[in-house]
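Presented below is the structure to which this report refers.
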Amino acid sequence: MIRLYDTARGEVRDLVLRSPGRVSMYVCGPTVDNLPHLGHGRFTLVWDVARRWFTFQGLRVHYVSNITDIDDKIIARAQAESRDEGDVVKQYEGEWWDAMGRLGVAEPDDAPHATDYIAQMVELIESFLERDVAYRTSDGVYFDVSSVPDYGLLAGQPLESLRAGARVEANDEKRSPLDFALWKNAKPDEPRWPAPFGDGRPGWHTECVVMSLDLLGEDFDLHCGGFDLKFPHHENERAQAVAAHKAFARHWDHNGWVMVGGEKMSKSLGNFTSLTELLEHTDPRAYRLLVLRSHYRSPIEVTRDTIADAERALARLDALARRFELPVLGGDRFELASAHGWEEESLELYERVVSLMNDDLNTPAAVGELFEAVSVANAAADDGQKVAARRLAQSINVLFGAMGLALLAGNQVVDADSDRLVQERDVARAARDWSEADRLRQALVERGWIVEDGASGTVIRRP
RNA sequence: GGCGGCGUGGCCGAGCGGUUAGGCAGGGGCCUGCAAAGCCCCGUACUCCGGUUCGAAUCCGGACGCCGCCUCCA
C-alpha cells in the first residue's frame, strides 16, 4: 500500500484509488511566458519521480500535465516585444520541452493546452451564470466563492478568516475580494474568443478543472502542484468542481518550493534562476539527485554549493556503474519491479527502499539506503564476492532507475590519439617503465582525461 | 490579524521514545610502482527553558529565531 500526504486532510494517508491498479494524476503545468525556472524543474522532477515509482510498483499511471498558453503575462510579453502571442507561446513552450528532455522528465501521457478547451470552459461558465454561482461585472465574469460551503478546505481556513486577511481590492464590483475571474473581457488589441457573455479569454483557474475532468474523468486520483498553488489556484479549481456537481480529485499533494538565500524563489520577487541556464553548465542528473535527497514537501536551496555537492555524490554512483559495467536506465524507460529478480541482499535492499518510498515518497532516506548499499557492493567486490557484489550493484542501478536517475559508466568517445596513449601506457606499465607510464599519464591528463589503472589496464574518463 | 511549516555535527539531509541514518567536505590508515577508484577508522549533532518518562532530537508547555500562504506565482 502506498501512503501519500493529502493536502485536503493535512495528513499522510493511504492512496485510495478510483480503480485498483490504476493511478490518474494531474500535475499543474507551466504558463509559457518565459524560460522555465528552477522551481519548474523541481516540481516536474518531484512528480516525475512519483509517476515512475507508481509505475515501478505495478500501477498503470495516466499522467496529465497542462500547458497554459493564454494568460495576462503572455499578452504582456507579446505587447512589450511587439510580437504575436502565438509566437511567444511557441518559443517558450519549445524551451519548456527542451528543458524537460534534458532533465529526463518523461513526457506526460497528455499535455493539454488551455486554448484547445475554450469552448468547454465557456460552457461551464455559462452554467455557473445560469445557476447564479457566477456573476458578470464590467470587466468579466466572476465566481461567487460563498456558493461553496466548504470553500477554504485546501487553504485550511474557513472563508471568513480568508476574507479577513484579504488585501484591499481595487475592483469594487466584486461581491467578495476572494471571488475570482472565470472570464476576462478582451480589451482592444487583446486576443479574444467569442462567448455569450462577451468576447474575451478564460481566467486561469478554469482551464485545469475542465481539462482534468475531460482527460481523467470525474473522481480522478491525484492532483498535484507546487505549494503555492494550494491557494488560491487549487482551492478555486475545487470550488468550480463542487459548483458543477462533479467529483474532483481524491487526493491533493503539493511539493515544496525552491529557495534562494532563504527566500522563496518566485516571479514576483524576481529572484529566479532559469532552469535553462542551470542545465547549460550542470549535469541535469545532479539536479535530480539534489531533489531526491530532500523530501518533496520540504523547501530546497538550489545553489552552486548544493549542486556541486550533488555532482560529487553522483560521481560515486557513476564509479559504481563503471566498476560493474551497469546498463543505462532511466530516461524514457520506466522500470518495473516485477521485471527484475530480487534475491538475498538485493531483496533486503529492495524491501527497505520500497517501505521508505511507499511511505510518502521518502526519497532522501531511500537514497541513503542506496548509498549504503554502494559501499556494501564495493566492499563485497574488493573481498572477491563477485556474484553478491554484482547482484547488489544491479539492484542499486534498477532502484535509481526507478526514480529516473541514470547511472552512467561513461561510454565516452575516446579519440584515436588518446586511445594510442592508453595503449602505450599499458605497454610501459607491463614493462614496469614507470617514468614512461607517468609521462603518458601526464599527456592524457593534459588532454582532459582522468586516468585510472584497473585490473584490465588503463581506463580514461572525463571529469 | 488568521492559517501552516521549519530550527539536527563544517555543509546538505533522514529521523516520529531506546539503533552508528546517508552523502559531501576534513583527518588517519589499507590497497596501488606512484596515482585514481575502492575499503576501513575518526569528528559524537539535535535553538533555548521547563515538564512527562527508567530513558527524548523524537511527546507536552513556554520562549526565541527563520520561512511561507491569505495577491500573479511551480
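Here is how names work: the chains are called A, B, and so on, in the same order as the sequence lines, proteins then strands, and each is numbered from 1.
Comparing A/E369 and A/G156 by the nucleotide of RNA chain B that holds the closest heavy atom to each, the one mapping nearer the 5' end is A/G156. The nearest heavy atom of RNA chain B to A/G368 and to A/L356 marks one nucleotide each, and the one closer to the 5' end goes with A/L356.
If you check every strand for non-hydrogen atoms under 4.0 Å, A/T44 touches nothing. Contacts of A/E372 with the nucleic acid, taken as non-hydrogen atoms under 4.0 Å apart, involve only primed sugar atoms and P, OP1 or OP2. Among the atoms of the strands shown, none is found under 4.0 Å from any heavy atom of A/A164. As judged by a 4.0 angstrom heavy-atom cut-off over every strand, A/V258 is placed among the base-contacting residues. Among the atoms of the strands shown, only primed sugar atoms or phosphate atoms (P, OP1, OP2) are found under 4.0 Å from some heavy atom of A/P232. Within the 4.0 angstrom heavy-atom criterion, no nucleotide atom of any strand lies near A/D72. A/R429 comes within contact range of at least one nucleobase, with a heavy-atom separation under 4.0 Å. Looking at heavy-atom distances under 4.0 Å, A/R425 makes contact with a base. When heavy atoms are screened at a 4.0 angstrom cut-off, A/H295 is found touching the sugar-phosphate backbone but no base atom.
Checked against B/C70, B/C34, B/A74, the side chain of A/L229 finds its nearest nucleotide in B/A74. Looking at the side chain of A/R293, the nearest of the listed nucleotides B/G22, B/C69, B/A14 is B/G22. Of all nucleotides listed (B/C72, B/G23, B/C34), B/G23 comes nearest to the side chain of A/S375. Proximity note for A/T31 (side chain, C-beta onward) versus B/G23, B/A74, B/A25: the nearest is B/A74. Closest to the side chain of A/P364, out of B/C39, B/C67, B/A14, is B/A14. Proximity note for A/N255 (side chain, C-beta onward) versus B/A74, B/C34, B/A36: the nearest is B/A74. The side chain of A/R316 lies closest to B/C39 when the candidates are B/C72, B/C39, B/G33. The side chain of A/N362 sits closest to B/A14 out of B/A14, B/C24, B/C34. The side chain of A/D309 lies closest to B/G23 when the candidates are B/G23, B/G22, B/A74. Out of B/A74, B/A36, B/G22, the shortest distance to the side chain of A/R461 is found at B/A36.
For B/A35 and B/C30, the P atoms lie 11 Å apart once the distance is rounded to whole Å. On the P atoms, B/G43 is 16 Å away from B/G9, given to the nearest whole Å. The same atom, C1', is picked in B/G22 and in B/G13; the two are 8 Å apart, to the nearest Å. Across B/C46 and B/C6, the matching C1' atoms stand 14 Å from one another, rounded to whole Å. The same atom, P, is picked in B/U58 and in B/C16; the two are 12 Å apart, to the nearest Å. When the C1' atom is compared between B/A56 and B/G51, the two are found 12 Å apart, to the nearest whole Å. Atom name C1', nucleotides B/G2 and B/G17: the rounded distance is 34 Å, in whole Å. Rounded to whole Å, the C1' atom of B/G15 lies 15 Å from the corresponding atom of B/C59.
For RNA chain B, if you chain together Watson-Crick or G-U pairs that step i with j, i+1 with j-1 and so on, the runs of at least three with distances under 3.5 Å are B:1-7 with B:64-70, B:10-12 with B:22-24, B:26-30 with B:38-42, B:47-51 with B:59-63.
For the pair A/R429 and A/T458, the tightest heavy-atom approach, listed with the atom from each and the gap, is CD-OG1, 4.2 Å.
Salt bridge status for A/D98 with A/R102: present, with a side-chain N to carboxylate O gap under 4.0 Å. A salt bridge is absent between A/R77 and A/D33; no separation between the charged side-chain nitrogens and carboxylate oxygens falls under 4.0 Å. The pair A/K187-A/D139 fails the salt-bridge criterion, with no side-chain N (NZ, NE, NH1 or NH2) lying under 4.0 Å from an Asp/Glu carboxylate O. A/R461 and A/D318 are not joined by a salt bridge, as no carboxylate oxygen comes within less than 4.0 angstrom of a charged side-chain nitrogen. Classification of A/K184 and A/E190 as a salt-bridged pair fails, no side-chain N sitting under 4.0 Å from a carboxylate O.
The ring of A/F371 does not lie on top of the base of B/G22; it is either too far (5.5 Å or more) or too tilted (30° or more).
In terms of phosphate contacts, A/S161 brings no side-chain nitrogen or oxygen within less than 4.0 Å of OP1 or OP2 of B/C70. A/N378 has a side-chain polar atom (N or O) that falls below the 4.0 Å cut-off from OP1 or OP2 of B/C39.
Shown are A/F248, A/W252, A/Y63; of these, the ring-ring contact (aromatic ring centres under 6.0 Å, His included) with A/F220 is made only by A/F248.
Below 30°, between 30° and 60°, or above 60°: for A/Y135 and A/Y142 the angle between ring planes is below 30°, a parallel geometry.
To the nearest 0.5 Å, atom CE of residue A/M211 and atom CD1 of residue A/I67 are 9.5 Å apart.
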